[in-house]
Amino acid sequence: MGMECLVLGAGQEVGKSCVVVTINGKRIMFDCGMHMGYDDHRRYPDFSLISKSRDFDHSLDCVIITHFHLDHVGALPYFTEVCGYNGPIYMTYPTKALAPLMLEDFRKVLVDRRGEEEQFTSLHILQCMNKVIPVNLKQTVQVDDDLQIRAYYAGHVLGAAMFYAKVGDSAMVYTGDYNMTPDRHLGAAQIDRLQLDLLITESTYATTIRDSKYAREREFLKAVHKCVAGGGKVLIPTFALGRAQELCILLDDYWERMNLKVPIYFSAGLTIQANMYYKMLISWTSQKVKETYATRNAFDFKHASHINACLQVKSNIVGAFVQALCPLIVYDDDVCTSISIIVISGSFVASLIFHNFDRSLINAPGPCVLFATPGMISGGFSLEVFKQWAPCEMNLVTLPGYCVAGTVGHKLMSGKPTKIDLDKDTQIDVRCKSFKAINPVLEVRAWRSRSVVFPEHTCPHTDSKGIMDLVKFLSPKNVILVHGEKPKMGSLKERIQSELRIPCYLPANCDTVCIPSTICVKAHASDAFIRSCLNPNFRFLKRSKEDNSYEVSRNTNATATLEVNDERIAEGILIMEKGKKARVVHQDDLLLMLGQKKHDVQFAYCCPAQLDNLEETRNRDDALSLTNKCSWLQLLFKELSNYLSGVNIQDLGEHLQVESFLVSVCLKDNCPYRITDHTKKESATVFFCCTWSAADEKLAREIISAMERFNLSGN
Amino acid sequence: MKFTCLSKGSGFHFPPCHILDVSGFRILLDCPLDLSALTIFSPVPLDFHPKLEEETCDFAVHNSFDMRKRQRIEKSLHADSLICAQPWYKTPKNLHLWDPSSIDLVLISSTMGMLGLPLLTQTKGFSAKIYVTEATARLGQLMMEDLVLMHSEFQQFYGSESNSPQWMNWEELELLPSALREVALGKDGMELGGWKPLYSSADVEDCLKKVQTLKYAEETCYNGILVIKAFSSGLEIGSCNWTINGPKRNVACISSSSFFSAHAMEFDYHALQGNDLILYSDFSSEGVLTNDEHENNYSASNTNNSLTLRDVSGEKDDWIKLKEGLLSNDGSLEEREKLAFICSCAVDSVKAGGSVIIPLNRLGIVLQMLEQIPVYLESSAVKVPIYIISSVAAELLAFTNVIPEWLCKERQEKLFSGEPLFSHFELMKQKKLYVFPAVHSPELFLRLGPVVQLLRRWHGDENSLLVLEDGLDTDMALLPFKPMAMKVLQCSFLSGIRLQKIHPLLEILQPKVVLFPDDLRKQIKFSSSHSFSVFYYFENETLGVPKLKGSVDLEIVANIDTQFSWRKLNHDDMDITGLEGQLLINHGKHQVLLGNEVSNFSRRKPLLYWGLPDLEKLLAVLSKMGVKGSIEQGMSDAESGSGEIVHIHEPSKALIEVRATKTVISAHDERLATLIFEAIGTLMDGI
Ligand SMILES: [Zn+2]
Ligand SMILES: [Zn+2]
Ligand SMILES: [Zn+2]
């Protein structure tokens, strides 16, 4: 049957990820994203390609969302509430919790700030999310009798997952966006070694090998420091979830070390609830965060008066922990109050108080650092602040690595504009400095910090290598690349095909890729067949854990696990009978079934051999004793061993054996197998009777022709 | 497959324990401790404070207890009949009769089923793989650490002991009152071997290192053969029912499960469908009445699923009548009403100036009460603080707030609307709830922990209330605290599948075979119409379960270009072909991969023939090939039995000898031999 992969979005581009895969008749939509660079119909995937009649409930078996980024979930409320898809939707718990916040935030930016016509309402978002079935990592979900899906940890952002889907014997993985290296609050992607017909992977970085991030971080900190030291204001546009936490920790570390007092403000268009989520979803965060949680266990707190303990945010481990949990100090449009956040860690309650950024602070004197959304300065608060701060050359704006064309962020990145036209009437003077891309494609792929505090814990892992590693680890039969830039994807495709010898495809939007599948016959196997296969062919392989499940993390201790290799040679008989299920049986089963006896067809030959000093040994005819027989066989054994070096010859006393080839001394004068005319009873000839089965015909003939040449010399 | 029920346990706190032999592997299901057996030990005396001077720990004190007891002849139970010694712990009966090293796999289905695990993992030779759900492992760890901590109180009092304790000597056991002796030795006197000294916190730590944790519905594979999954049972956070899928057997083990849960994830019974064998191991309806006729045989206090209010001091109380409404009805409403009833009783007591002690150790019930009691207090305008005195309570509460994936839908909705999963921290912030990390913590059958001290203080106060779980031998449990003026409210919560639901459940799951406890046989009669066969099992009796599937399912995976050379069998509608490939056994699935280079042998595949070649036909075929020969006449019987011989003259000399099960071709010329071989091949059935 094969697989069919229809790419509706993120084909040779980044944006509106949406791939529809048909596996053995089941149809799954992976991601339902929105393109941030367009505001016309191109914003959404072309859903009509799924079903001309727009009967999505019947043409799709389920929708799977990998993570809460808008390029993966942005079109979902539109698809369910406007296009009317009512079938099951799966996403992880954190994604279900956080996606509506992202969607609502986005909707507000579009409608309230850009004054666009509403594509979907708050109610739509709510109704859409009610249809979502949350899944846990590794939980095997039976969508229906045939379709099975499973989520694997992808890092990237809280709750991001790669999804495995299997129908019958065909299986595939769709990665979504993933992360190769653990960062401070999220772990690295992790997946089992699976048998896959198809891997659809993102390829955002493709061939870009990042320059040392550590150096870029230092540059970033230096730029920020220089600006505030000169009395300037720093604007850090960011998306609310994911990257803000990292930059915040990075700055906090630096502020601590440099003893800086300049205030750092946060503003993010999400609600206070985000904190709550990070708190409840701790099990989805990095090992480090979890460990911090775990060490606060019963025995540690015997002596602590732990209730109402007040914590200061410091660059110590607890500080990092608290920050990772409640990193978002949130700006909610007009409510600008102090927010106290309760973080519960074990039996540990910490109260943190942050001050929110008030609009009046925009033009307050003195330096400051402000985190504001949205990341690409496409509207909202970051644009509002940018308008005010851009004309002053003391100020600094940092830019994310990736900005969609048309946004202010993109304009700033492409060249050094002195003026930016916002719309017909508004023009911004840009005199402030800008700091580009802490790393490429910051927003698309959450930024993984090279820890400033613990630089020794980091590893120089590049992303194209990471993608190659994953493909190599999974060794699927086919690879499809999506979510990347075409030229770079092209060279990655070349590498996958030449280095890994795996067919690789680069479909554009609206293209369909067909993947041939393997033939698979289901059969009953008889006990005798299974038993016959279980000959000792075990190989025990020591494998490190890393090798077994994909996790590129140098911090984890690779625990060696013993793996039994179960490759067994199977020889049996496949029986197809009308009206019955196919059976695989052992040959004995077949004979029994047929009521027949096995009939061996063998070869035999009575082979003469020259004997040098037979004269002496054959002094008397009655001296054909056992000792003679044995010594002749021994002589033959010696010669054969020399001749067939490396072949195992068994000496079984009465005869010698090589595979099925048996040879013994023949003393019968009228042996039926003595085919050649040896009428003359040569004194120096001795006969060896040989038998063998058809399988060893070649070997047997070789031995016989050698034996005929042999000149066996006694003693 | 073989199955042995080691112990049917008793109730929520002491789940059953079984041994299962599947596909050549031995599986232990659960490893609990019988904590109710703790009641035979005397609590640490009131005047003992763990951190005080050494003189209180004097052995003289403890010896004099002993002396008094020894002189006493069998009579009614007194507080001083209890054993004054550091408690040992009772493992499931019969478990100690099995060799720990013979166990391949341990499956833990609940926190309670885990409490005895360190005793097993510390055994020499034990090397089984242990699977536990993540939540159970964490909660179990907290419980075990807590147990160790509470036990340390005894350790400080009695000092560390060496070898087997004095009370286990036969002379000492003989002197015990019969009620205690029965607990110590079991009804049949065989259970003394099950007593074990408690593990240390190091043992707990070590045990947890050996445990492999799983999420619900996560697939894991043991030894490439058994696919094992845990599905939520609804009973407690993390509790589960296991499915074990082997090549020939699909087994679902149903432990105590709950269709109604106000905290834990719902009973996922759909996932248990499609298994051909169900091990039904929910004993919770044991002793539940099926019809009215039997009612006389049970005293009210014995009835499960009921609330019994008993005034131990002898006086009846009016609220006892309230329970009647709760006796019969179904499901969640009843459970909620029970909770409401307890809450209102608690409020009444508090209003009367008393104190309420709730030494519950069922996490789910505690979580709910902690949320509800403040609501009741508030609505009655009573301002009374609630204290949780426990070294682990704070941690438990924190833990339950970060595991939405393990909770019921109702709680999960809170995650999605951004509210805390439980309201405990809100209550703590509002100073309605206080958590004290006492060095010693929640009650364990009124012997361990701070409840002992509180009971001693309040047992004379008739306005105070003690909430106890049913199923406990209250006489023995309250022995050290008599006389009791305090009211005692005994209640039982649903801790398994209700009787009426067993049959419908099994019908839905559609197994072929059900292993069912004989103890429930009286209560549930399977109608003759059911589609499955039922095997009843008894404690400590091995049950052999007959084979179900005759053959293993196999998948043959081939590339598109794989060519099969089919051979049609003459007499039948049957096509056969040889198959050679690589057998993979993975996740319990057998797969043959064709077309993979298996070996580098240049050997030809051995051919299989059956039947006999017809010699006349053989000569005909051979002559077409230019081979001429003749059948040797007459002499067949003489030398070679029934063998017949064909002599070949052209192109060179050769011989074909045909016997019943063997044909031998003898030729010097290799090509001729091959020709003859092929000729025979065309005449015979074979592959
Ligand atoms: Zn993303
Ligand atoms: Zn993306
Ligand atoms: Zn011979």
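All values below come from the heavy atoms of this structure, side chains included, with hydrogens, waters and symmetry mates left out. Bear in mind that the values here come from a model prediction, so they are computed numbers and not experimental data. In what follows, chains carry the letters A, B, and so on, assigned in the order in which the sequence lines appear, proteins first and then strands, with residues in each chain numbered from 1.
Proximity to chain A (any heavy atom under 4.5 Å) is shown, for B/K662, by both the backbone and the side chain. For B/A654, the part lying under 4.5 angstrom from a heavy atom of chain A is the backbone only. Only the side chain of B/Q412 comes within contact range of chain A, judged by heavy atoms closer than 4.5 Å. For B/D669, the part lying under 4.5 angstrom from a heavy atom of chain A is the backbone only. With a 4.5 Å cut-off on non-hydrogen atoms, B/I680 touches chain A through its side chain but not through its backbone.
With sequence neighbours left out, the side-chain contact (heavy atoms from CB on, under 4.5 Å) criterion links A/Q142 to A/Q148.
By the 6.0 Å contact criterion, CD on B/E205 is open, its count of non-hydrogen atoms from other residues, nucleotides or ligands being 12 or less.
Residue B/A660 comes nearest to A/H599 through the heavy atom pair O-ND1, 3.3 Å, listed as atom of the first residue, atom of the second, then distance. Of all heavy-atom pairs spanning B/L655 and A/P672, the tightest one is CD1-O, 3.6 Å. Here the shortest heavy-atom pairing between A/A604 and B/S666 reads O-OG, 2.7 Å.
B/L554 has its side chain within reach of A/F529: a pair of non-hydrogen atoms, C-beta onward, lies under 4.5 Å apart. Using a 4.5 Å heavy-atom threshold, the side chains of B/H668 and A/Y605 count as touching. Between B/W610 and A/L590, some side-chain heavy-atom pair lies under the 4.5 Å cut-off. Side-chain atoms of B/T674 and A/E697, non-hydrogen and from C-beta on, do get closer than 4.5 Å to each other.
The closest donor-acceptor contact from the side chain of A/T140 to the backbone of B/A217 lies under 3.5 Å. Put simply, the side chain of B/T663 never gets that close to the backbone of A/V601: no donor and acceptor are under 3.5 Å apart.
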Please evaluate residues A/Q139 and B/K215 with respect to the criterion side-chain contact (heavy atoms from CB on, under 4.5 Å), reporting the C-alpha separation (whole Å), side-chain torsions for both, the decisive distance (0.1 Å), and the verdict. CA-CA 7 Å; A/Q139 176 190 350; B/K215 299 177 195 304; 5.7 Å; no
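Ranking A/L137, A/V585, A/L699, A/I704 against chain B, the residue ahead of the rest is A/L137, based on heavy-atom pairs under 4.5 Å.
In this structure, B/E219 pairs ionically with A/R150, as a charged nitrogen and a carboxylate oxygen lie closer than 4.0 Å.
In this pair, A/F603 and B/F677 present their aromatic rings tilted. The plane angle is within the 30 to 60° band.
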